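Remember, predicted model here, so these are calculated numbers, not experimental data. All values below were derived from every heavy atom in this structure, side-chain atoms included, with hydrogens, water molecules and symmetry-related copies excluded. Note that the numbering runs from 1 along the sequence shown for the chain.
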Amino acid sequence: QNNNCINIMTQARKKQINYAVTRSYNLTGRCVRRAYLAGVDELTGKNYDYRRDWIIIRIKQLATVFSVDIASYAIMSNHYHLVVKVNVKQAKSWTSRQVIEQRELLYKTHPLVEQYLNSGKLSKPEKERANAIISQYRTQLASISEYMKALNEFIARKANKEDGCTGHFWES
């Protein structure tokens with residue numbers, strides 16, 4: 001039984017997650033290289049508590065974009081926990097325009113989708129391609145992996161810039 005737990009933990013997230021079975025998940029992010037997420041570094045005396053606000057603000061922002069509801073969170077000195085519920089039904093109910101508008105809150109839209117949204121004057125193959133891209137956007141907006149990427153990348157870039165370093169901020 002213990003081996004099964006180890007095998008699950010080493011599998012890719014897309015193989016572990018099945019929204020048809022479970023919609024709520026406990027997510028974690030842990031810092032590498034003895035980096036601080038929050039609290040006081042005992043070696044340097046530097047206080048990183050303000051980084052909690054970075055995470056809280058980003059979590060709240062992403063909650064308005066993704067079809068992922070935040071049940072709770074906890075932020076410690078070198079890691080965080082989030083309990084989330086993926087709302088697949090909500091993402092499926094969005095119109096194509098809503099999907100595009102949601103995604104545009106974080107990312108640039110593909111030029112073909114932009115043209116589709118603004119004029120609608122596309123050839124049949126272009127419409128098919130635009131609809132495929134919008135379908136991909138819809139899937140991403142109800143994806144834990146995409147949510148974590150949007151959260152972790154933002155925090156990592158900000159912390160690395162502040163710390164004057166490059167490379168990984170989070171464990172994989």
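Summarising the geometry of Ala156 relative to Phe169, their closest heavy-atom pair is CB-CB, 3.6 Å, with the distance given to 0.1 Å. Taking each heavy atom of Ala35 and Asn78 in turn, the nearest pair found is O-CB, 4.1 Å. Minimum interatomic distance between Leu37 and Cys31 (heavy atoms only, all atoms of both residues): CB-SG, 3.8 Å.
Remark: Ile59 CD1 to Leu82 CG distance equals 4.5 Å, nearest 0.5 Å. Within the model, atoms CD1 of Ile133 and CD of Gln140 stand 10.5 Å from one another, a figure rounded to the nearest 0.5 Å. The line from CZ of Arg33 to NE2 of His168 is 10.0 Å long, rounded to the nearest 0.5 Å. Between Ile55 atom CD1 and Tyr50 atom OH the span is 11.5 Å, to the nearest 0.5 Å. Here the straight-line distance linking atom CD of Gln61 with atom CD1 of Ile56 works out to 14.0 Å at 0.5 Å rounding. Rounding to the nearest 0.5 Å places OG of Ser96 at 12.0 Å from OH of Tyr137.
Contact annotation: the side chain of Tyr36 approaches that of Ser77 to within less than 4.5 Å [non-hydrogen atoms, C-beta and beyond]. Contact check for Val113 versus Ile100: side-chain heavy atoms found under the 4.5 Å cut-off. Between Lys46 and Val40 there is no side-chain heavy-atom pair separated by less than 4.5 Å. With a 4.5 Å cut-off on side-chain heavy atoms, Ser143 and Met148 do not count as touching. The shortest side-chain heavy-atom distance between Leu106 and Leu62 falls under the 4.5 Å cut-off. Residues Tyr25 and Val68 have side chains not in contact (no heavy-atom distance under 4.5 Å, counting atoms from C-beta outward). Residues Val83 and Leu27 have side chains not in contact (no heavy-atom distance under 4.5 Å, counting atoms from C-beta outward). The closest side-chain heavy-atom distance from Leu141 to Glu146 is not below 4.5 Å.
Both Leu105 and Leu151 belong to a common hydrophobic cluster when Ile, Leu, Val, Met, Phe, Trp and Tyr are linked at side-chain heavy-atom distances under 4.5 angstrom. The hydrophobic clustering, which links ILVMFWY residues whose side-chain heavy atoms are closer than 4.5 Å, places Tyr107 and Tyr147 together.
Residue pairs satisfying the ring pair (Phe, Tyr, Trp, His ring centres under 6.0 Å) criterion with at least one member in residues 69-92, sequence neighbours excluded, are listed as follows: His79-His81, Tyr80-Trp170. Applying the salt bridge (Lys or Arg N to Asp or Glu O under 4.0 Å) definition to pairs two or more places apart or across chains, none involves residues 119-137. Contacts classified as salt bridge (Lys or Arg N to Asp or Glu O under 4.0 Å) and involving residues 51-68 (residues at least two apart or in different chains) are given here: Asp49-Arg52, Arg51-Glu162, Arg51-Asp163.
Looking only at distances, no side-chain donor or acceptor of Glu104 sits under 3.5 Å from a matching main-chain atom of Glu101. Judged by distance alone, the side chain of Gln102 and the main-chain N or O of Thr64 form a donor-acceptor pair under 3.5 Å. In this structure, Arg138 contributes its side chain and Val99 its backbone to no donor-acceptor pair below 3.5 Å. Distance alone, capped at 3.5 Å, places no donor-acceptor pair between the Ser135 side chain and the Asn131 backbone. When atom types are taken as modelled, the side chain of Asn87 and the backbone of Ala142 share no donor-acceptor pair closer than 3.5 angstrom.
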Is there a side-chain contact (heavy atoms from CB on, under 4.5 Å) between Glu114 and His110? Walk through the geometry before answering.
CA-CA 6 Å; Glu114 195 70 42; His110 189 283; over 6 Å; no
Step-by-step side-chain contact (heavy atoms from CB on, under 4.5 Å) determination, Arg103 to Val65
CA-CA 7 Å; Arg103 191 173 179 285; Val65 176; 6.0 Å; no
Evaluation steps, side-chain contact (heavy atoms from CB on, under 4.5 Å), between Arg34 and Asp41
CA-CA 9 Å; Arg34 216 189 70 69; Asp41 181 341; 3.0 Å; yes
Output, in order, the C-alpha distance, side-chain angles, deciding distance and verdict of side-chain contact (heavy atoms from CB on, under 4.5 Å) for Leu122 and Gln115.
CA-CA 8 Å; Leu122 300 173; Gln115 186 178 350; 3.3 Å; yes
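By the neighbour-count criterion of 12 heavy atoms within 6.0 Å, atom OH of Tyr116 is sparsely surrounded, having that number or fewer from other residues, nucleotides or ligands.
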